[in-house]
Amino acid sequence: VYDVLVVGGGPAGAAAAIYAARKGIRTGLVAERFGGQVMDTVGIENFISVPYTEGPKLSAALEQHVKEYGVDIITGQRAAQIRRDNHIAVALESGATLNSKSVILATGARWRELGVPGEAEYRTKGVAYCPHCDGPFFKGKKVAVIGGGNSGIEAAIDLAGIVEHVTVLEFADTLRADDVLVKKAKSLSNIDIITSAQTTEVIGDGSKVTALAYKDRHSGEQKQLALSGIFVQIGLVPNTGFLKESEIELTRFGEVIVDTKGATSMPGVFAAGDATTVPYKQIIISMGTGATAALSAFDYLIRYSSD
Ligand code: FAD
């Protein structure tokens with residue numbers, strides 16, 4: 001039986017495991033893949049105190065740091081279920097069950113993809129998902145934002161201050177973002193908004209993005225925009241499907257609802273990072289919330305745990 005079992009090995013999970021282990025308590029970490037989304041990232045320029053690093057390098061450093069403590073690390077395993085038992089039981093897809101007095105969920109999220117030709121090929125070569133992360137790489141260039149919801153319009157406004165020009169493409173006939181954001185976007189001279197536009201292909205020259213093809217859903221006409229960057233903003237999907245049958249409360253988007261201490265609705269279960277309702281999905285924020293969750297789990301253990 002662990003004192004703290006961390007589910008997830010991204011920045012949130014790694015921070016939680018280190019903070020827990022430093023309290024001298026039995027800490028386990030189970031993850032499908034160490035590093036999480038960081039493994040899919042090329043340049044990282046906003047991890048404070050490190051002006052530039054790359055995903056695989058930061059991932060390796062995270063793993064190294066966790067391994068300096070006596071954390072029991074299990075990788076290549078997915079959690080399938082969480083339930084109350086004598087303690088808290090986390091069942092794995094492999095059939096095994098891990099028991100712990102407290103659990104920290106840090107299973108992260110994934111960006112919803114367009115699913116069009118060229119998207120995978122040009123990922124990190126012009127196709128981007130995070131304006132806070134990758135916006136500055138497109139300084140002075142033309143970009144598109146796909147998606148006219150709040151995150152898409154916020155991204156467009158944010159990018160308009162950095163890049164030369166932003167075209168927003170929305171599939172529906174109207175934008176779904178809040179009025180105040182739409183007004184702001186429309187007031188900026190370097191943002192164009194095209195509705196009823198279905199993105200059909202990411203076009204490139206073999207090494208980087210050069211254009212985007214879309215279909216006008218009214219006329220059926222195929223059109224192209226010449227550009228260097230495409231920010232896909234059609235949603236972030238939390239990796240919380242395995243919690244749906246549990247007593248842990250999720251939002252309608254599947255985010256684990258946490259309070260300011262990282263506590264979920266299930267006693268002894270805490271959560272951190274992109275899988276939760278914590279706003280702004282960033283590495284440094286995930287790490288901070290991972291630390292919060294671990295300290296809260298420790299607090300829980302000293303108050304409510306008998307042995
Ligand atoms: P994740 O990193 O998603 O880690 C989740 C962990 O949980 C992984 O170990 C995964 O294998 C595991 N897992 C998932 N489901 C299960 C399960 N059922 N059972 C067991 N394990 C499971 N942020 C920045 O601050 N700066 C950047 O420059 C930046 N660039 C980015 C670029 C890209 C392409 C992407 C995709 C994201 C970027 N981000 C950036 C965002 C940042 O990567 C995330 O905010 C951060 O990784 C979230 O950390 P996390 O630990 O909450 O989740």
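Remember, it's 1-based here, ligands and their atoms both numbered in the order they're listed. Throughout, residue positions are numbered sequentially from 1 according to the sequence presented.
In the candidate list V30, D40, D274, D274 is nearest to atom 44 (C) of ligand 1, counting heavy atoms. Within the set T107, T289, I283, the minimum heavy-atom distance to atom 5 (C) of ligand 1 is found for T107. Residue W111 holds the heavy atom nearest to atom 35 (C) of ligand 1 of all those in F137, F47, W111, F242. When the heavy-atom distances from atom 50 (P) of ligand 1 to G36, P11, C130 are ranked, the shortest goes to P11.
Listed by atom number, the atoms of ligand 1 under 4.0 Å from T41 heavy atoms are 30 (N), 31 (C), 32 (C), 33 (C), 35 (C), 38 (C). Shown in contact with G108 at under 4.0 Å from a heavy atom are these atoms of ligand 1, numbered in order with element: 1 (P), 3 (O), 5 (C), 52 (O), 53 (O). Heavy-atom proximity to A106, at under 4.0 Å, picks out these atoms of ligand 1: 5 (C), 6 (C), 7 (O). Applying the 4.0 Å criterion to heavy atoms of G273 picks out, from ligand 1, the atoms 52 (O).
Here the two rings, on F47 and Y52, have centers that are 6.0 Å apart or farther.
The nearest protein atom to atom 12 (C) of ligand 1, hydrogens excluded, is given as G8 CA, 3.8 Å; this is a heavy-atom distance.
Partners of D192 under the side chain to side chain contact (heavy atoms under 4.5 Å, CB included) rule, at least two apart in sequence or in another chain, are H165, T167.
Taking the centre and axis of the six-membered ring of F242, the NZ or CZ atom of R78 falls outside the cone set by 45° and 6.0 Å.
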